[in-house]
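Treat the numbers as computed from the prediction; the structure is a model and nothing was measured. We name chains A, B, ... by the order of the sequence lines, and we start the count at 1 in each one.
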Amino acid sequence: MPELPEAETIVRGLRASVLRQTIRRVEVVRPDILRQPKADFLRRVRGRRIESVGRRGKKVLIGLDGDGLIVVNLGMTGRLLPFPVVPRGESRPGHPAVRFRFEGTGLLVFDDTRRFGSVEVLTDSEWQTRSASMGPEPLDSGYTAGNLFDGLQHSRTPVRSWLLDQKRIAGVGNIYANEALYLAGVHPRREARDVRRQEAVALHRSIRRVLRDAIRAGGTTIRDYRNAEGQPGQYARRLYVYGRDDEPCLKCRTEVQRMVFANRSAFYCPTCQPSRSER
DNA sequence: AGTGTATCCTGCAGGC
DNA sequence: TGCCTGCAGGATACAC
């Protein structure tokens with residue numbers, strides 16, 4: 001569920017409560033979300049101090065003193081809830097997977113209803129390798145429309161699938177891929193390599209705009225997403241096409257269509273996003 | 001290389 | 001009310 005803006009919102013909210021905390025005890029309620037044997041995980045995390053909280057793509061990075069970091073993949077329903085910051089009522093559904101208990105009273109819970117998320121501890125060197133296998137950060141100042149256009153050239157996959165591939169661009173998920181394509185006027189099923197330079201420029205702009213606006217709104221809550229204060233994001237009301245099938249396009253009143261490919265729903269306006277580019 | 005499909009898992013909405 | 005189906009912000013593995 002959470003894409004880049006949701007991960008970013010969580011990271012910002014988490015800093016105040018977990019930075020400089022020392023992990024005293026760890027309870028692994030759901031061992032299946034660990035990407036390594038529980039004993040290894042515990043040994044490498046216990047007693048460590050949290051020195052940084054960051055993000056790469058959709059992943060939340062919890063930097064530890066000395067070498068190493070905890071990498072959290074939120075999956076569809078993952079939440080990082082620091083207590084006692086989060087009001088009691090907000091933890092209601094309650095599918096705790098891992099509890100990090102800090103020295104003193106603090107507690108950070110990774111909660112994940114569907115358990116598609118994962119938690120692992122890596123060395124800095126292991127993380128470097130992992131990070132290098134991921135695509136560029138779309139919000140980095142160094143990420144240009146030219147980079148996007150060049151990347152698209154080599155692929156025949158539908159442009160929506162291209163945007164969802166974390167090895168090609170980091171952090172874009174199904175909501176923001178659909179929104180960005182709508183704003184750029186590009187049909188989600190167009191072959192990536194058929195996207196023209198001018199369209200790539202528009203798409204580059206719309207990806208960055210959508211991600212930045214969504215961060216500003218605290219992310220999109222459809223159902224499960226909550227930030228580190230247990231609160232929903234406000235971007236859902238600003239969506240143009242995602243989840244709006246059968247409703248009128250906000251620009252031209254044509255009915256927004258829903259189409260499934262690569263096992264995911266795509267939403268688009270057939271008028272604003274023609275399936276073939278015009279020459 | 002790309003795509004369609006299935007899988008992991010739980011919860012919820014809608015139809016009957 | 002209850003049962004069934006389909007659907008969900010992700011990621012991966014498989015056969016073709």
With a 4.0 Å cut-off on heavy atoms, is [X] in touch with a base, just the backbone sugar-phosphate, or nothing at all?
X: A:S161; answer: nothing
X: A:Y176; answer: nothing
X: A:S265; answer: sugar-phosphate
X: A:R160; answer: nothing
X: A:R223; answer: base
X: A:D112; answer: nothing
X: A:R258; answer: sugar-phosphate
X: A:N174; answer: sugar-phosphate

Return the value, rounded to whole Å, for the distance between atom [atom1] of [X] and atom [atom2] of [N].
X: A:E191; N: B:dT3; atom1: CD; atom2: C1'; answer: 12 Å
X: A:F116; N: C:dT12; atom1: CZ; atom2: P; answer: 13 Å
X: A:K58; N: C:dG9; atom1: NZ; atom2: C1'; answer: 7 Å
X: A:D165; N: B:dG4; atom1: CG; atom2: P; answer: 15 Å
X: A:N227; N: C:dG9; atom1: CG; atom2: C1'; answer: 15 Å
X: A:L164; N: B:dT3; atom1: CG; atom2: P; answer: 12 Å
X: A:R168; N: C:dA11; atom1: CZ; atom2: P; answer: 14 Å
X: A:L163; N: C:dG9; atom1: CG; atom2: C1'; answer: 15 Å

Return the nearest nucleotide to the side chain of [X]; candidates are [options].
X: A:E3; options: C:dA11, B:dT3, C:dG9; result: C:dG9
X: A:R189; options: B:dC9, C:dA11, B:dG4; result: B:dG4
X: A:T113; options: C:dA11, C:dG9, B:dT10; result: B:dT10
X: A:D224; options: C:dA11, B:dT3, C:dG9; result: C:dG9
X: A:N73; options: C:dG9, C:dA11, B:dC9; result: C:dA11
X: A:M76; options: C:dG9, B:dC9, B:dG2; result: C:dG9

**Report entry** Note: A:D165-A:K167 ion pair, threshold 4.0 Å (strictly below)
**Finding:**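 Looking at A:D165 and A:K167, the cut-off is met.
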
Query raised in the report: Between A:E126 and A:R130, is the closest basic N to carboxylate O distance under 4.0 Å?
Result: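 Salt bridge absent between A:R130 and A:E126.
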
Query - Ring centroids of A:F261 and B:dT3 base under 5.5 Å with planes under 30° - result: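 So A:F261 does not count as stacking on the base.
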
Query - Over 12 non-hydrogen atoms of neighbours within 6.0 angstrom of OH in A:Y240 - result: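 Not buried by this count: 12 neighbours or fewer within 6.0 Å.
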
Query raised in the report: Which residue lies toward the 5' end of DNA chain B, A:R115 or A:T157, if each is placed at its nearest nucleotide?
Result: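 Per heavy-atom nearest nucleotide, the more 5' residue is A:T157.
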
Report summary line: Result for 5'-nearest mapping on DNA chain B, choosing between A:R30 and A:S155, is A:S155

Any donor and acceptor pair, going by atom type alone, linking the side chain of [X] with main-chain N or O of [Y] inside 3.5 Å?
X: A:S155; Y: A:T157; answer: yes
X: A:R56; Y: A:S131; answer: yes
X: A:R168; Y: A:G151; answer: no

**Report entry** Base partner of B:dC9, which must satisfy Watson-Crick or wobble distances under 3.5 Å
**Finding:**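 Here B:dC9 is not engaged in any pair, so there is no nucleotide opposite it.
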
Query raised in the report: Paired with C:dG9 by Watson-Crick or G-U wobble geometry, both distances under 3.5 Å: which nucleotide is it?
Result: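 The answer is none; no pair meets the criterion.
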
Query raised in the report: Taking OP1 and OP2 of B:dC9, is either one under 4.0 Å from a side-chain nitrogen or oxygen of A:H95?
Result: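 Checking A:H95 against B:dC9: no side-chain N or O falls below 4.0 Å of OP1 or OP2.
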
**Report entry** Side-chain N,O (A:K167) to OP1/OP2 (C:dA11) below 4.0 Å
**Finding:** no

Query raised in the report: Is C:dG9 in the syn or the anti form, by the rule that syn lies within 90° of 0?
Result: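 With its glycosidic angle within 90° of zero, C:dG9 counts as syn.
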
Query raised in the report: Would A:Y176 and A:E6 satisfy side-chain hydrogen bond (donor to acceptor under 3.5 Å, both in side chains), going step by step from the backbone distance to the final call?
Result: CA-CA 11 Å; A:Y176 302 114; A:E6 290 74 32; 2.5 Å; yes

Query - Span that lies between the P atom of B:dT5 and that of C:dG6, in whole angstrom - result: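 These two P atoms come out 14 Å apart once rounded.
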
